[in-house]
Each structure stands twice: as structure tokens, then as C-alpha cells.
Amino acid sequence: MTTFQKIPIAIFLFLFFSSQSIMAQDIQQAIDALKDTLQLKKGEDRVLVLKDIGMKFRSVDRDSARHYMDKAYQQAETSDDDYYRARIWVAYGVLSQDEGRPKEALDFHLKAKPILETSKDYSVLGSLYTNMGNAYEALSEFDKAVDFQLKALENYEAGKDSLWIAGSYLNLGNRFKLIEEPDLSLEYYLKALEIYKGMGNEYMVTTSNNSVASAYIVKKEYDAAFEYAKKAFDGFESMGARLDQAYPVTNMALASWGLENFEEAEQYYIQAIALQKERGERLALLFLKNDLANVLLKQGKENRAEALALATYKEADQMDFIPAIDALSKTLSLIYEEKVDFKKAYEYHQKHKAARDSLYFSEKSREVLNLKEKYESEQKENEILRQQNELVESELSIKKRNNMLMGSGGLLAILLIAGFVMFREQKIKAKNFARETALEKAMAEARAQEDLKEQRLRIARDLHDNIGSQLTYLTSITDSAKRGIDKGEVFLMEKLTQMKQFSLVTISELRDTIWAMNKDEISLEDIKERTQQLAATVHEATDDKVKVNIKGSPINKVLNAFVGMNLFRIVQESVNNAVKHSDSDQIDIRFEELDNRVQIVIEDFGKGFDTSGESTGNGLHIMRNRAQKAGIDFDQESILGKGTKVTLQVRA
């Protein structure tokens, strides 16, 4: 399996905003009931009813949804009330999200946020934060998505709103699925499903069944996935929510793909694409078409797969939607490999690698999990404070009782009571001390586990980003060589040469990763030593046609492993770019000390390039991303005919 293992949350996400849930009744009946209610409403009350009608129409007619939302906003303008304007802005944001414009959706939510945060309405704030989380998720800012969903959950819990607590569980399940934590994802989905069953909310039971199906797909349990998706499909059909059937149909397609029923999967994808076109969900369409291209490829329909993937890639590129670019470039690499066009296969493989690096999935996964643990740690700390308060109140109660006894008894009684009280207080203090010690030990163990998890994620990120893609392509070349073994010696020599080149790159990157894995800290001397090894490699690879000169003595300082590794990676990429593109026979690398900072300058004296036409993709984009994540100041200057200079600064 390839693409569908990272299923876009947009395909399964339901934005929770309307003030009433859709029960088992037919959606059209719910709309008619709201229209009847509208006749009795005036002023601000009409705003919310019109908004609810618009939100109900989202599942059956997008134009009608927009029409009623416009009427709601006109009514809010007539009432001249910022609160009701803000409520409609959030609703507009939901519609924009549905139509594949998350940036526009977020702008609406941010405009409403300062107004609604003064309302202290738990339900309204929970809805706002949920929809902000959805927008950030579509923009690949997963840490903010989880942060706002946890804020939403806090408000729903404060308001004791079971419906929306369950909705938050669904959204958190979606986010953990995106970072490939399917067990956590399934846990949250099942929590939501149980709450909705207890409430008798058939619409959200159906939605939860579909979400459970998506988790089973990530776990590769395809029979269970198809079973839950079919339940969801039948549930939406019984309620008349025809357009919402796009979601379970997508899961049925994915499950069929996993079971290698490719013709059946193709038909489900065609059905899902037709439904999503009616819904107008552009982001979901990108991923559906990408998956359909993969299913066509599995059936040997390379030309159809190529045409569909190229057209969809162009659309994703125009939208600058990196998650779709990532998936489609990988698909195109596989297609061209199958068509024995290795030049294009490698070109799209590099685009896939660049998109994957810019997304920083592993880094963002770590941030998401840290947010979850931070939330749980706050809960533990609150429990510790509660217990400490109880202990203080207990001690005060004892002292008060003792004072009363001392005031009413004789000297002998006072002495006896005082002795008893002292003994009791010492016993309580000893008990309290033991309890606090146990709590502190538990917190220390939790922090140690968090540190261990962060280290594992850092190792996983480096192995995935820098080794995994090389090994994937090496495997592809090997398979290609097997298929073309009868094409003659020239073909096999070309494949063996490619395999050697990728093996050497993989060995080099693996050494770099192991070097960083074995260190909690990386000194500037370590970085200089690795740079000298890099220079030796360049000399050998170019038969000494390119000289790499390393100057300066770095200060005796150390960096944490994450910053140090990224600093070396940027130096390495800068040198590689100079060797490949500058036509310079000399590259200078200078280590310089500036107050409490260290500066590394990589300069060539080649042909340079026009910075006004500078690309924001591939190598330069990756270097800037690395620098930003690691807190490294990055600057690149280039002059035509004179060369290029990269300047890096980091606090040491």
C-alpha cells in the first residue's frame, strides 16, 4: 500500500458548529421545523435560527446553505450586534472550510475570536476553538490544531456538554490518526461512539462509525474497516444525508484497495469523487483523485493513471497545498517507474522528498504528542494542588479543634491534649511527606518518559526523512532491474550504477544519523570535524577538481543534538549545491566567533544565480525550514558571475 496509509483528515472531518445536533429524523424535516420556528422569531433570535438552517443545508445543498447564512448576517447587521456578527463569521468559516479554503476559514475565526472570548459561553467558545483547530489542521499546523481542540474540550467539560465532549474526542482521534498513532485514534473514536449511542444521536453514531472505519484502515484491518464504513453508508442513507455518504464510500474504497479488490475500489472512488464534487470539497477531491490514480496503476492502466495524477498535481501546485503535492509526487514517481521513464521517476521522487521534508511530519508529530502530555501533566498538577489544599485544610481543622479543647480544659488536660496533638501532627506530616514524595517521583518518571519519547521521535525523524526515502528508491531501482533483466548489459549497468550512487548516499546519511543519535550534545569541534570529512569526500568525488578550504577555529561550545545536526545538514546541503551548480573550483568554509554566537560562512566563487527569480522549493526551501525549526539564522546571497555565499548564525 502507498498513498492511502496517510488519509487526509479533511475526508473524514465533520465540523461541529450548529447549536442543535441532527437526530435520527430526516434532515429535510429538521430544516422544515426550523423554518416553522423562524416565523415566531424576531431580532437576534432570528439570526441564530437562520444560521442553524444554513448549517443543516450543508449536507444537502451548498447554495442554500450560503443563502441562509447571508440572510443571517443581514439580520445581525440590522440588529447592529457584534456578538451575533461574530457567530455568523464562524459559520462562514465553516462553509469556507467545506469548500477547501482553510486560510479564509481561519481568517473568519480569528476575526470572531476576541469578541466571542468575552462571552464566557462554554458551548460557543468550544465551537470556535474546534473550528480553529480544523482550519489549522488543513494548513498542516498540527500542534496548533491539537492545542485548540484541547481548549475546546476544556470548555465542553466545564459546560458538562456530552455531545460536544464526544465531538472533541472525534477530532482528537482524527489528529492522532494523521500522525500515525492509530491505537490512540481508535481509542478516542470509540469513546465518542459510546457517548453518542448513550444519547441516541443516530447522526453522530453514524459519523463515529465512519471514523472507526478510518482508524481500522490505518491499522490495516480492512474487513473491520469495510464493515464500519458500510454501517455509516446505510446510516446516512436512512437519514437522507446523501452528500455525507461521500465519507463512508471513500472508506469502502480504501478498504477494497487494501483487500486488493481493485476494480471494486475504482468504482467506489468514482462514486466518492462525484459526491465530493457536489459538496465542493476541493481538498478531499485532491486526495481521492490521487488514490484513484494509484488504483488504476495497480490494474495496469498506466496512461489513465498518469493523466489523472498530472492534472491533479497541477491543481494542488496552484493551491500550494503541500500534503497533496507530497502524495501526488510520490504517485507520479511510481507511475513513471512503471513506464520505465526513470528520469521523470527520479524528478518526482525528489519533489516528494522535498515536500515531505518541508512538512516535518515527525517534528510535528512530536509537538502534537507533547501537547497531549502537557494537557495530562496539567491535570496531574491540578490533582496534586487539590490534595495539598485538602492537607492544609485538615491541619487547620485539627489546630482549631485543639485550641477549643485547650481553652475549656484544665492544665493537665491541656498538656495531655497538646502531647496528643503533637503526636498526631507529626504522624500527619509524615504521611503527607510520604504522599508528596510519591507524587514527585511519579512526576519525575513522567518527565523522564517524555524525554525518552522526544529522543525516539528525533531519531525516527532523521531515519525517516534522510534514510527512508533513499532506501525506498533503491528498492524501486532493484525491482526495475529485475523486470528488465532481459534488456541487456547496458541497461543492467545503468541500474547498478544508480544503485551504487544511492547506496553511497544512504551510507553517508546513516553515518550522520548514527553520529547524532549517540550524542545528547554536539560540539562545534564535532561539526568542524564532520565538515572536514565532507571536504575529503568532495575532493575524492571530483578528483580534486574542487577544493574545499576550512578556516577558523570554532569556540569551545556545545549545542543540543537537534540544533547541531540541523546546522551540519545545512552546511552539507550548501556544499553539495555549490559542487553541483556553481562551476567553482574552490569552496571556502569559515568558522567565526561573534560575541556569544558562532557564525559559519560557506562561499563559492562560481557563476552565481539571479536571486530575484529564486525558487522557494526543494533544497533552499529545505535549508530554510531546517534553520527555522532549529533557531538558526539563515541568509543566502548570490551575484551573477561572482558566486554564492550562505551565512549561518547560532547562539552557542
Side-chain angles (χ1 to χ4, degrees), residues 2-11 62 96-105 135 137-140 246 250 253-254 257 265-266 269-359 361 469 472-473 476 613-622 625:
T2 55
T3 323
F4 75 84
Q5 290 175 0
K6 291 184 176 63
I7 306 155
I9 293 306
I11 292 180
R62 190 57 52 86
S96 296
Q97 182 87 6
D98 284 350
E99 293 163 5
R101 298 191 298 275
K103 180 64 172 65
E104 180 180 284
E137 180 179 292
L139 293 168
S140 300
T250 299
L254 289 165
W257 182 1
E266 179 182 350
Y269 274 121
I270 291 171
Q271 184 181 356
I273 288 170
L275 288 167
Q276 291 291 21
K277 280 183 178 177
E278 285 192 64
R279 291 183 65 88
E281 292 200 7
R282 295 176 65 197
L283 301 184
L285 281 168
L286 295 176
F287 289 100
L288 285 171
K289 290 176 182 178
N290 176 71
D291 284 355
L292 177 56
N294 276 275
V295 169
L296 292 171
L297 182 62
K298 288 288 185 182
Q299 298 177 77
K301 303 174 182 177
E302 292 94 345
N303 292 333
R304 284 181 60 193
E306 178 188 10
L308 177 60
L310 282 173
T312 311
Y313 181 89
K314 183 178 180 181
E315 185 179 354
D317 194 39
Q318 289 172 345
M319 295 170 63
D320 195 26
F321 186 47
I322 294 178
I325 293 171
D326 168 50
L328 285 156
S329 57
K330 182 176 181 181
T331 299
L332 283 163
S333 178
L334 293 171
I335 291 171
Y336 284 119
E337 181 190 337
E338 198 67 29
K339 291 170 72 73
V340 199
D341 188 341
F342 296 110
K343 182 178 179 181
K344 286 187 178 179
Y346 182 70
E347 174 189 340
Y348 280 101
H349 172 75
Q350 291 300 98
K351 289 181 178 180
H352 165 62
K353 184 179 176 182
R356 178 50 46 101
D357 204 341
S358 67
L359 281 172
F361 269 100
S469 63
T472 298
Y473 204 71
S476 298
E614 176 185 320
S615 169
T616 58
N618 297 337
L620 180 56
H621 184 68
I622 292 170
N625 251 331

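- The two residues V295 and E266 make their nearest non-hydrogen contact at CG1-N, 4.0 Å.
- Taking every heavy atom of both residues into account, F287 and A324 meet most closely at CZ-N, 3.8 Å.
- A distance of 6.5 Å separates CG in N294 from CG in L334, rounded to the nearest 0.5 Å.
- For the atom pair T312 OG1 and D317 CG, the distance stands at 12.5 Å (nearest 0.5 Å).
- The minimum heavy-atom distance between A305 and A293, with the atom names listed, is CB-O, 3.3 Å.
- Rounded to the nearest 0.5 Å, atoms CZ (F321) and CG (L286) are 7.0 Å apart.
- Taking CG of L297 as the start and CG of L308 as the end, the distance is 11.5 Å to the nearest 0.5 Å.
- Here E347 does not pair with K343 in a salt bridge; the nearest charged N to carboxylate O distance is not below 4.0 Å.
- Side-chain atoms of S96 never come within 3.5 Å of backbone atoms of A105 as a donor-acceptor pair (strictly under, hydrogens ignored).
- The line from CG of L292 to CG of L285 is 11.5 Å long, rounded to the nearest 0.5 Å.
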Could you please spell out the steps behind the side chain to side chain contact (heavy atoms under 4.5 Å, CB included) verdict for E99 and E104? CA-CA 10 Å; E99 293 163 5; E104 180 180 284; 5.5 Å; no

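- L328 and A316 get closest at one heavy-atom pair: CD1-CB, 4.0 Å.
- No side-chain heavy atom of H349 sits less than 4.5 Å from a side-chain heavy atom of E337.
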Does the pair K344 and E306 meet the rule for a salt bridge (charged side-chain N to carboxylate O under 4.0 Å, His left out), with working shown? CA-CA 12 Å; K344 286 187 178 179; E306 178 188 10; 5.0 Å; no

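- The cationic group of K339 does not satisfy the cation-pi geometry with Y336, failing either the under 6.0 Å distance to the six-membered ring centre or the 45° limit from the ring axis.
- Rounding to the nearest 0.5 Å gives a distance of 8.5 Å between CD of E137 and CD of Q97.
- Taking each heavy atom of R279 and A246 in turn, the nearest pair found is CD-CB, 4.4 Å.
- Using cut-offs of 30° and 60° on the angle between ring planes, the pair W257 and Y269 is perpendicular.
- Shown here for A309 and T331, the closest heavy-atom pair between the two residues is CB-CG2, 4.5 Å.
- Proximity of K330 to N290: side-chain heavy atoms (C-beta onward) are nowhere separated by under 4.5 Å.
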